[in-house]
There are 2 protein chains.
Amino acid sequence: EEALVTGIAEDIDQAKITILDVPDRPGIAAKVFGELARESINVDMIIQSAPIRDKNDISFTIAKSDLEKSLKIMNKVKEEVGAKDVISDKNVAKVSVVGVGMRTHSGVAAKMFSALASKDINIEMISTSEIKISCIIKKDKMEEAVKILHDTFELGKTSYKDKDV
Amino acid sequence: EEALVTGIAEDIDQAKITILDVPDRPGIAAKVFGELARESINVDMIIQSAPIRDKNDISFTIAKSDLEKSLKIMNKVKEEVGAKDVISDKNVAKVSVVGVGMRTHSGVAAKMFSALASKDINIEMISTSEIKISCIIKKDKMEEAVKILHDTFELGKTSYKDKDV
Ligand SMILES: C[C@@H](O)[C@H](N)C(=O)O
Ligand SMILES: C[C@@H](O)[C@H](N)C(=O)O
């Protein structure tokens, strides 16, 4: 299936949290998100890359207004599971390339990442699906990111507010 | 929007690769996926969690038949960007909970992760979207994973082959 990019989405109401060096054993991810769900925290992206030496990091994003509450929860979880640290950043935003057939998307992904790199925009987190490639970048780079992505993918000037996608 | 789970998808044609400790600066992700795209490697999941001390790891999954070729490419990239290592595993598979409204999905995610933990299934990688929560697990745990997820989400016995979703 050909990949077809149909739009750029932006979400500036994002804060990221990472819990570092959790034990890589069953039940840890369940605990982290169970505690967040219990407090009705809506989680947007959940990103966990491959474990290394029996440890892993788990990152997720939430609305900025949920950062303080989420950090309280995560610091309690950190104690309970014996993680190394909890770090966060509210000066981030999510920019996404939206389309179809993005599954076989190394070409579209490479194009998106190159476009951001061409403007010296650092990519902090990456998550993909069949219909979306999302990058967490610094919030103050969002305007430039949306512009270069529109130009790169030859799209019109409007971008979706991510909530509408 | 209420989260509604409509099915379980499985993809056993998965191999994972992680390039460890790449410099956290613009252009690195572009290089990794540019090289893979140049060789027409179809990438499924791309997962990059938060950077730590100016380094990051980038993980991705591909079809098992592309593992050898991808490893050659990645080892060359590793030299070129000064990464620490490239690791891989072909004994993995991807299990996903599919639905709608998964965006505000800490509850659905917690439920999925708890279900897997209840069968002692370790979650190696996690990636989410509005319509899908995907976990990379050991391939030999897939059958058990699909069963417990069907029971947990009270779905019928059939699971989607992920290519059809
Ligand atoms: C790190 C965390 O995901 C753990 N592997 C688990 O299964 O819960
Ligand atoms: C690590 C890698 O994603 C890097 N930050 C980049 O922007 O390319």
Counting neighbours of [atom1] on [X] that are heavy atoms of other residues, nucleotides or ligands and sit closer than 6.0 Å, is the number greater than 12?
{"X": "A:Glu68", "atom1": "CD", "value": "no"}
{"X": "B:Lys90", "atom1": "NZ", "value": "no"}
{"X": "B:Lys139", "atom1": "NZ", "value": "no"}
{"X": "A:Asp54", "atom1": "CG", "value": "no"}
{"X": "B:Lys31", "atom1": "NZ", "value": "yes"}

Legend entry - Contact class of A:Thr18 relative to chain B, heavy atoms under 4.5 angstrom: side chain
Inset, instruction - Count the heavy-atom pairs under 4.5 Å between each of A:Cys135, A:Gly34, A:Ser40, A:Ser59 and chain B, then report the option with the highest count. - result: A:Ser59
Under a 4.5 Å heavy-atom cut-off, does chain A meet the side chain of [X], its backbone, both or neither?
{"X": "B:Asp24", "answer": "both"}
{"X": "B:Leu20", "answer": "side chain"}
{"X": "B:Ser127", "answer": "both"}
{"X": "B:Ile52", "answer": "side chain"}

Hey, could you give me the [atom1]/[atom2] distance between [X] and [Y], rounded to the nearest 0.5 Å?
{"X": "B:Lys132", "Y": "A:Lys132", "atom1": "NZ", "atom2": "NZ", "value": "14.5 Å"}
{"X": "A:Ile19", "Y": "B:Ser49", "atom1": "CD1", "atom2": "OG", "value": "11.5 Å"}
{"X": "A:Glu130", "Y": "B:Ser129", "atom1": "CD", "atom2": "OG", "value": "7.0 Å"}
{"X": "B:Ile126", "Y": "A:Ile47", "atom1": "CD1", "atom2": "CD1", "value": "10.5 Å"}

Legend entry - Distance-minimising heavy-atom pair for B:Pro51 and A:Glu124: CD-O, 3.5 Å
Inset, instruction - List the atom of B:Ala50, the atom of A:Met125, and the distance in Å for their closest heavy-atom pair. - result: N-CG, 3.7 Å
Legend entry - B:Ile87 with B:Val92, same ILVMFWY side-chain cluster at under 4.5 Å: no
Inset, instruction - Count the heavy-atom pairs under 4.5 Å between each of B:Leu36, B:Ile123, B:Ile58 and chain A, then report the option with the highest count. - result: B:Ile123
Inset, instruction - Compare all side-chain heavy atoms of A:Ile46 with those of B:Phe113 and state whether any distance is below 4.5 angstrom. - result: yes
Inset, instruction - Identify the residue among B:Ile137, B:Leu116, B:Asp120, B:Ile121 that makes a side chain to side chain contact (heavy atoms under 4.5 Å, CB included) with A:Pro26. - result: B:Asp120
